[in-house]
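Report on the structure given below.
Please read all numbers here as calculations on a predicted model, not as lab measurements. Residue numbers run from 1 in the order of the sequence given.
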Amino acid sequence: VKNTGNVTLHNVTVTEQLEGAKIVAGTGYTINEAGVAVIDTLEVGSTVVVKAEYVITQADVDNGKVVNSVKVEGEGSGEEKPDPENPDVEIPTDDKNPTAVTKKTLTNSGSGENGSFKVGETAEFDITVENTGNVTLKDVVVKEMLNGAKIVADEGYTVSEDGQSATIPTIKVGEKATVKAVYTITQADVDNGQVINKADVEVPGKPDPQEPTEPIPTDPQKPAFTAEKTLTNVGTGENGSFKVGETAKFDIEVQNTGNVTLNDVKVAEQLAGAKFVKGEGYTVSGDGTTATIATMEVGANVTLKAEYTITQEDVDNGGAVNSVKVEGKGSGTTDPEPEIPEEPLPTEPENPDFTSSKVLTNEGTGTDGKFKAGETAKFDITVKNTGNVTLNNVKVTEQLNGASLVNGKGYTVSEDGTVATIAALNVGEKVVVKATYVVTQEDVDNGGLANAVVVEGEGAGETDPTPE
């Protein structure tokens, strides 16, 4: 303070105007109880330097500067007073550097393997924002970027109506604010093997928002299914067994028993001749041998329907086994183990049987068509399969000495002409075996003779027909 007038000044006071500033002791002045500096006398041309101190506050840095002013008043030697003055000085503060470190942390664990989360379980998060800059942060916005995640109410912030964002009013330098969020695990998350939860944190004064992330471990993928094949109707045979030409119907039930969605589940018929029929939840190939289930959610059941017409071979074999092969794809890199469920197909009990007859087919030149010595008698031996299974290796053996079987259709004759063999005789089929015999003088002397054959064969199974 310099006296630039022409009279001595008295009782000159210097009062700090900046809150928090303090005048400190020095030369040429005193400090009263109010903290005001008092210069008792200031001669013309004299100067007194009053010293003061001020501690910079966070608010000053937040404002970018602080202006320190004082009020100087005094009294002249006469009646007039000098005009008061309010000199000020700008105190530069540190350049603003709004900076924050954000982190997203999973704070709980699921009930799955190693704490992984199963479908429907809720993961909980802390989103921490730490003010690492030099200015107070205001109106920091934290947004959830994971679809379905919600911010939950807690102290220190407000939550938007849709639960997608939180606003932190103030974060002081060096302090942290924590926002809490939750997310419920979906089937798609388990199918994908994990889910990444990301937040968006907008710090005022920083052009690029921060995006802290935290992986959520999901239940290890375990693709699996069960498959069961069931006969759903009965035949007209004994105990519901099926006869040739009857249609057996089946249900093949496939259930997703794993923890991931199954895709492209294929069910292939293993029994030749079996066909899938159209139904709900699957498509059928053009040849009817394969059905495809495009997608199976966890726990879902799909029932496929198939049909099969019983063949003679099935009855010959004493039944059939209808099986299918079930394969599918998991949502990740692992596929479920294939299954081959089967269902026995009962056919009617084997009943091998045949009839046989021998008929004279010509006449002799004697009275009433009787044969004279040296004339040839001709015979037809008819064998018919009257059972329900194919007969094999049916043999017709001549019992009359001198009679000969001759070649014909459907059988072969042994070299000595005594045995004819029918390799296979289908159900309902008949074969006529031909034979001849030259009448001898002894036959005429005896007044006639009887020509007999023995017919025997093999059934397709373990039982053979009774010989005739």
Side-chain angles (χ1 to χ4, degrees), residues 1-102 128-141 155-158 167-178 201-207 210:
V1 181
K2 183 178 182 180
N3 185 342
T4 57
N6 60 359
V7 295
T8 300
L9 298 176
H10 302 280
N11 197 29
V12 177
T13 59
V14 180
T15 306
E16 268 289 359
Q17 303 296 294
L18 176 62
E19 183 180 356
K22 296 197 181 286
I23 293 174
V24 296
T27 302
Y29 61 93
T30 59
I31 303 172
N32 64 20
E33 291 181 356
V36 176
V38 180
I39 306 169
D40 290 333
T41 301
L42 190 60
E43 300 293 336
V44 174
S46 296
T47 298
V48 173
V49 177
V50 177
K51 296 186 178 292
E53 293 179 350
Y54 176 72
V55 178
I56 304 300
T57 67
Q58 184 61 56
D60 299 331
V61 177
D62 291 347
N63 292 329
K65 66 179 181 178
V66 58
V67 176
N68 189 357
S69 65
V70 293
K71 185 176 182 180
V72 182
E73 299 175 292
E75 299 174 0
S77 298
E79 295 181 357
E80 292 187 9
K81 294 182 178 181
D83 292 331
E85 288 198 5
N86 293 90
D88 60 37
V89 64
E90 184 175 302
I91 305 172
T93 56
D94 199 14
D95 291 338
K96 292 183 179 182
N97 181 25
T99 306
V101 173
T102 59
T128 303
V129 184
E130 181 180 4
N131 186 345
T132 57
N134 65 351
V135 294
T136 302
L137 299 179
K138 296 181 179 180
D139 296 328
V140 177
V141 177
E155 295 181 358
Y157 58 91
T158 58
T167 301
I168 306 168
T170 304
I171 308 176
K172 294 179 180 180
V173 173
E175 293 187 356
K176 297 178 181 179
T178 300
V201 181
E202 298 175 1
V203 178
K206 297 290 286 185
Q210 296 189 22

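Residues Asn134 and Pro98 approach most closely at OD1-N, 4.5 Å, considering heavy atoms. The two residues Gly156 and Ile168 have their closest heavy-atom pair at O-CG2, 3.7 Å. Here the closest non-hydrogen pair linking Gly5 and Val44 is O-CG1, 3.1 Å. Smallest separation of non-hydrogen atoms from Val140 and Pro204: CG2-CD, 4.1 Å. Of all heavy-atom pairs spanning Ala37 and Tyr29, the tightest one is CB-CD1, 3.8 Å. Nearest heavy-atom pair, Asn3 versus Leu42, reported as atom, atom and distance to 0.1 Å: ND2-O, 2.8 Å.
Annotation: side chain of Val38 is in contact with side chain of Asn11 (closest heavy-atom distance under 4.5 Å).
The line from CD of Glu90 to CG of Asn68 is 11.5 Å long, rounded to the nearest 0.5 Å. Note: Glu202 CD to Thr167 OG1 = 9.0 Å, rounded to the nearest 0.5 Å. The CD1 atom of Ile91 sits 4.5 Å away from the CD1 atom of Ile56 when rounded to the nearest 0.5 Å. The distance from the NZ atom of Lys172 to the OG1 atom of Thr136 is 7.5 Å, given to the nearest 0.5 Å. With rounding to the nearest 0.5 angstrom, the NZ atom of Lys65 is 12.0 Å from the CG atom of Asp60. Atoms CG and CD1, from Asp139 and Ile171 in turn, are 10.5 Å apart once rounded to the nearest 0.5 Å.
With sequence neighbours excluded, no residue satisfies salt bridge (Lys or Arg N to Asp or Glu O under 4.0 Å) with Glu175.
Between the side chain of Asp88 and the main chain of Val67, no donor-acceptor pair closer than 3.5 Å is present. Side chain of Lys96 to main chain of Asp62: a donor-acceptor pair is present (N/O by atom type, distance under 3.5 Å, no hydrogens or angles). A donor-acceptor contact shorter than 3.5 Å is absent between the side chain of Thr99 and the backbone of Thr132. Between the side chain of Gln17 and the main chain of Thr15, a donor-acceptor pair closer than 3.5 Å is present. Proximity of a side-chain donor or acceptor of Thr93 to a complementary backbone N or O of Gly64 within less than 3.5 Å is detected.
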Practice problem: List the steps, then state whether side-chain contact (heavy atoms from CB on, under 4.5 Å) holds for Lys22 with Glu53. | Solution: CA-CA 5 Å; Lys22 296 197 181 286; Glu53 293 179 350; 5.5 Å; no
